[in-house]
Structure formats: structure tokens, C-alpha cells
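Heads up, the thing below is written out as C-alpha cells.
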Amino acid sequence: MKWLKRGACLALVLLWVWGAGPARAQEEWVTVAVPTQMSGCFFSDMWGNNSVDLDIRAMLHGYDTVCPQEDFAPDPTVVKRVETAEDQSGVIYTLTLASGLTYNDGTPITAGDYVFSLLLGSSPAVAALGGVHSLYSHVEGWAEYASGRSAILSGVRLLDGQRFSITVSRQALPYYYGWAAIRVRPAPAGVIAPGYGVGDDGAGCFLYALDGASPTPAHLDPELLRETLTGENGYLHCPKVTCGPYQLAAYDAASGQVWMEINPAYRGNREGRKPSIQRVRVIQMTDGEAVAAYERGEVQLINRLTDGAAIDRARSWDGRRAALTAYDRSGYAFLAFACEQSPTDDVRVRRAVAMCVDRESLCASALGGYARPVYGHYGYGQWMPQACGEALAAFEDIRYDPRQAQRELDLSDYRLNCRGAPYAGPADGIRYKRQGDVLVPLELRWAKTATSVSDALERLLAPELERLGIRLVVEPTGFAQMLSQYYRSGRTRGANLFFLGTNFYEPFDPYYTYHTGEAWQGAFNTSGLRSEALMEAALAMRRVPTGDRTAFLARWLDFQKAWHSELPAAPIYSNRYWDVCSPTIRGYEVAAHGGFGEALVYADWREE
């Protein structure tokens, strides 16, 4: 189906989906209800990320050189051979691609498409457009290329149409996740950077203008990428030429819906698996709306139910009506702080807020007992919390404790009342600190999206903060607007408090999340915290030799201690997710895969 402009042809799409009647729709379409509003970053996470975008990317894009299994390994569908060598600069990986890989439009995929992806992901033009271009910072020569000092990426070589090499800098080794260092997926240069070619002069790879007299290394023009990549109909939001198991049919940002159909050119994943379900629609719904839509037969899959009442309702159905899968979340929900600005730059303020959250009550009421409190940067679906036993109890000193929260604030700079006298308790109202000749109030500004859990959290949190002398200003906002502030798309953030969740995917490598460098601020370092100690703890974790799980677990606990001492966010809970699947579908095993996007590749219609 031809591309439909975002938001312009929704009625046409609905006619296409439903016009043949319920029987035909049931036969051809799987509709997946998701709880999170998609951001529309369907190509890359360089401009932000959420779990739905990630699942959709897994369906639209493919042929990564390396695939995650228990550990990482080259994908045999994509890579025919990998050779390694060492020199003074690092470890050189030479990859030979399998023959016959193409995009969905039949265009051959060559080594140049992988090299282009490396160049684009490291380009200073991405940074100029507000994106994070540090994904390949472990590649030799990245710093010179990403800063614009050189137009040649020396650690990448284009050897021929089927071969290229990546040099992992010696300064980045050892690296616990091993093969993940050379994980790259192809990107179509002709679509994203028309007029540019990929070259190699023997000293590294570069981009050059095709209309030049000779291949002269040049950086991408940010204004070109603003049109072809980040614009409303650019490749970031509307990737038409792709190589995953599915291809994009339409995306309507206003209604939060994506339509995808099978990519007939797809050769399969690491196991040679291709999807059987021809068409998939993804739609954002609240948990209650999703359960009601399932009962009406409008939805065949519900991904990640967390609302207690909705889960109870789904669990009341018998097995002939639905198959339910429960699995622990590899992530957590949290209150994020803007640590680059006052008052949330004060760790004692952050600790006090964390101690004002009655996690047990929230998990029991709003989440129906289908979640557990957390006290660090982890989720119960990860192997590390399961392996460390009682060690996590050390972090529970930030549990609900209003009296201790008061002591934290009494040790902060906010120890004065509105008259400049020592703060004496709730009768004094809001706390202040002296800044020069001015008294500055302790005020939290919460960019709050409307959900049942966030509403319940506000009801629990607001009175506690008020009693402690913290003014809470709740600013209702849409999800996309909240994420824009969270990812610091603008120069400054109007809000300093956000409630949201994250899911950790392999590799668990928070080094860039807490990197202090300017290049990582925003989409990667969302907290604004610049703690050398925390960054070094994350670096020590990634520097564990490949496969040494015992050492990695020890470094993971060290990282948790460093994170706990800084508290860039107030951890709240980790869910037990529930997925609902229609009995008309078989083979949907979401717990065994990274998300619904990959799980759908293994599912098909159940024979009558």
C-alpha cells in the first residue's frame, strides 16, 4: 500500500481495514492495544525512546549484524563471516555480509548501507538537530568525526560491496557485552541523505557529494536531514524503505495508531523465522479501554496490562476466551528529577521526595497488588536483582518515611520560612532558601500526564509534600509534550518533576545514561545529573570481561550503591505485566522475547 500522509488519510485506512466486514478483518488483521502513547521515533532512539516505539522499530527494521540471545552473537542470516585482528588502536572486526539481502522495495543491501548507518549515527549534523550521536563512541576515530574536526571516521572501513570493518577502540575494552560493540543495522543512504555517497580513502570512511568532481569527504548538511529525517514526514517518523519483518502502511500520530503489513522481501531473523500474520495494527489505549475493546472483538492482543482492575477483569475470563501471560517487568516506574536545576539539584530534596511516596499503598490500590516497590535502578524481570539475594535491602532507607524526609530537608539549604527565620514546621507554610538577598521557595513543578496511576500518586504525594513545606505545582500535559521536556528538547525545562517508566533491554549499559559530557545530555542523559562517581561506576560495570557474570553482578551492585547515593530519580515500583491474546492466535510467547514486536514474528492464526 502506498504511504499515507500522517493524519491525512485515516478514514481511508479505516475503510481499507474494516470495509470488508468483521469476518474479513478477523481473518487478516491482528490489532494490538498498547498502554503507552507512541512518540513516532520509528527509525532510531537518537531523538528519544519509549517501549512502543522500540517494539515498532523491531517490526520495521532488521538485519542487525548482531542479535541478542542469552549473550550477543552475530546473526547468521545477515553475517556470513566475522574475522578479528588487533593492532595498536584496538580490535578490528571484519564482517562479510550474506548475499541477497534487500530492502522491502527490492533495493540490494550492501556494506555501504551499514557504513552509512555508522556515519549517520556519529554525525555532528544529528547533534545540530538535537539528537544524540554517541551510540558508536567506542569506535576508533569517533571523537574526531563526531566533533566535526574530521570528516573521516577512521575506525570504519568499506572494503567492498559485501565487506566492511569496525575497529573498537582499545580505550573501550574490555567490554562485557562483547559482540554488541559491533551491532549495527543498515540504513538507506539514498532516502536519508540523497545526493551523498559513501567512500573510503584507505584511512577510513566518509560521505561525499555525488555531484562533486571527485569524492571529497564532507559532513551531512543538517538542513537536509531536517527535511529527510526529522521532518514530519521524514524517515524518523515515516520510514518507507525498510528491511524488517513488516513494513509501514500508515501512521496517524493524532489517534496514536500504526498500520503495518508483512514485508515479502524479509529473509528471516537469526533462526530464519518469518512472520505469518499478514497485517498488524497497533493502537494506544488505556488498560480499561483495551479490555473493553477486547470484549467487543475489536482487539486481539493487549500488551502490558498494569491496572489492577483491568487485570482482574481479564483474569475472570476462562481460557477459551483469552490466553493470559504474566511476566515481571525488566524496568520500573519512577519520579524523574531535573537535576540540572534548582531545587531538584539538591540530593537531600530528592531523597525527601522519595521518602514521601507510599509505595506499598500505591501498589496495593492503583496497581491491584500486581507490582512491587523498588528502591534502585532495576526491575524484577532482570537477572541481576534475582541473583543478588538480600543485598537490595540496603537501599530501602528511602522507603516511605515522612519524619526522615523532614530531617533531610532540615539538612538542605531550604531551612527558612518566608520571613527568613528558621523553618519551624507546617505552620510556616513553604520552605525557602536564601540566594543572595532573595528568598527562593522550595517548589516542584510536575509535568503530569493523566493516568489512573499518576492520579493515585498525586493523591498520595501532594499532602505529604505540603506538610513538609514543599509547594507542588501540577502542570497537566500531553504525553508527547512531557517527553519533549523529559528529553530536554528545548534549552531549559519548565518542569523539574516527571512520572514515567522505563524498560531495560540488553545490553544493560547505563554508561551513557549518566555520562557527564555535553554530547550525551538530552535523549541519553535525561536526568541532567553530572556525577563523575556514578559515570565511573557505570563504566566499571561495562569493563567487566565478557562472560564473567560474577564480576558483573558485583559491579552492578557497586553501580546501584552509587546511583542510590545520588538518587537521580525516586524509584517507585516494578510491575508484573499481563498480556492478553485471543485464542484465534497461537505461538504468541511475549515473555520469551523482547516485546510484542518480536513475539508476533513467531505467532500465526490458529487453525479452526
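More than 12 non-hydrogen atoms from other residues, nucleotides or ligands lie less than 6.0 angstrom from CG of D318. By the neighbour-count criterion of 12 heavy atoms within 6.0 Å, atom CD of E475 is densely surrounded, having more than that number from other residues, nucleotides or ligands.
When only modelled atom types and interatomic distance are considered, S255 and D252 share a side-chain donor-acceptor pair under 3.5 Å. Y514 and W563 are linked by a side-chain donor-acceptor pair at a separation below 3.5 angstrom, with hydrogens and angles left out of the test. In this model, a donor atom of one side chain and an acceptor atom of the other lie less than 3.5 Å apart for E464 and Y400. Donor-acceptor pairing under 3.5 Å is lacking for the side chains of D307 and Y370. S134 and S137 share no side-chain donor-acceptor pair at under 3.5 Å. Judged purely by distance below 3.5 Å, without hydrogens or angles, the side chains of Y486 and S527 never pair a donor atom with an acceptor atom. Side-chain atoms of Q341 and R493 include no donor-acceptor pair closer than 3.5 Å. Side-chain polar atoms of Q404 and R407 form a donor-acceptor pair below 3.5 angstrom. No hydrogens or angles considered: nothing links the side chains of T36 and R304 as a donor-acceptor pair under 3.5 Å. Judged by distance alone, the side chains of D397 and Y375 never bring a donor and an acceptor atom under 3.5 Å apart.
Remark: Q406 CD to R403 CZ distance equals 9.0 Å, nearest 0.5 Å. To the nearest 0.5 Å, atom CG of residue L442 and atom CG of residue L409 are 6.5 Å apart. How far CZ of R576 is from SG of C363: 14.0 Å, rounded to the nearest 0.5 Å. From S489, atom OG reaches atom CD of Q485 across 9.5 Å, with rounding to the nearest 0.5 Å. One distance of note links CD of E340 with CZ of R530; it measures 9.0 Å at 0.5 Å rounding. Going from atom CG of N303 over to atom CG of D55 covers 6.0 Å, rounded to the nearest 0.5 Å.
For T502 (side chain) and G331 (main-chain N/O), no donor-acceptor pair under 3.5 Å exists by modelled atom type. Judged by distance alone, the side chain of H593 and the main-chain N or O of E598 form no donor-acceptor pair under 3.5 Å. For S39 (side chain) and C41 (main-chain N/O), no donor-acceptor pair under 3.5 Å exists by modelled atom type. Judged by distance alone, the side chain of Q300 and the main-chain N or O of T31 form a donor-acceptor pair under 3.5 Å.
Using a 30° and 60° split on the angle between ring planes, H138 and Y175 fall in the parallel class, below 30°. Ring-plane geometry between Y251 and F42 is classed as perpendicular, the angle between the planes exceeding 60 degrees on a 0 to 90 degree scale with a lower cut at 30. Ring-plane geometry between Y512 and W520 is classed as parallel, the angle between the planes falling under 30 degrees on a 0 to 90 degree scale with a further cut at 60.
Judged by the 6.0 Å distance and 45° axis criteria, R372 is positioned over the aromatic ring of Y380. Both tests hold for R549 against W383: distance to the six-membered ring centre under 6.0 Å, angle to the ring axis within 45°. A cation-pi arrangement is absent between R542 and Y176 under the rule of less than 6.0 angstrom and at most 45 degrees off the ring axis. Taking the ring axis of Y577 as reference, the NZ or CZ atom of R329 does not stay both within 45° of it and closer than 6.0 Å to the ring centre.
The residues R434 and D413 are annotated as not salt-bridged, no charged nitrogen and carboxylate oxygen being separated by less than 4.0 angstrom. With salt bridges taken as basic N to acidic carboxylate O contacts below 4.0 Å, one links R431 and D410. Between R399 and E360 there is no salt bridge, since none of the side-chain N atoms of the basic residue sits less than 4.0 Å from a carboxylate O of the acidic one.
For Y332 and Y573, the gap between ring centers reaches or exceeds 6.0 Å. Aromatic pair Y294/W317: centroids less than 6.0 angstrom apart. In this structure, H133 has its ring center closer than 6.0 angstrom to the ring center of W142.
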| request: Check step by step if side chain to side chain donor-acceptor pair (under 3.5 Å) holds for E532 and T516. | output: CA-CA 7 Å; E532 293 289 336; T516 60; 3.1 Å; yes
| task | Walk me through it: do R350 and D345 pass the test salt bridge (charged side-chain N to carboxylate O under 4.0 Å, His left out)? | result | CA-CA 8 Å; R350 301 198 296 267; D345 60 348; over 6 Å; no
| message | Could you go through Q382 and S330, starting from their C-alpha distance and side-chain angles, then the distance that decides it, and tell me whether this counts as side chain to side chain donor-acceptor pair (under 3.5 Å)? | response | CA-CA 5 Å; Q382 295 177 287; S330 292; over 6 Å; no
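Contact annotation: the side chain of L457 never approaches that of K448 to less than 4.5 Å [non-hydrogen atoms, C-beta and beyond]. Contact check for Y505 versus L54: side-chain heavy atoms found under the 4.5 Å cut-off. Within the 4.5 Å cutoff, side-chain heavy atoms of P571 are placed close to those of I398.
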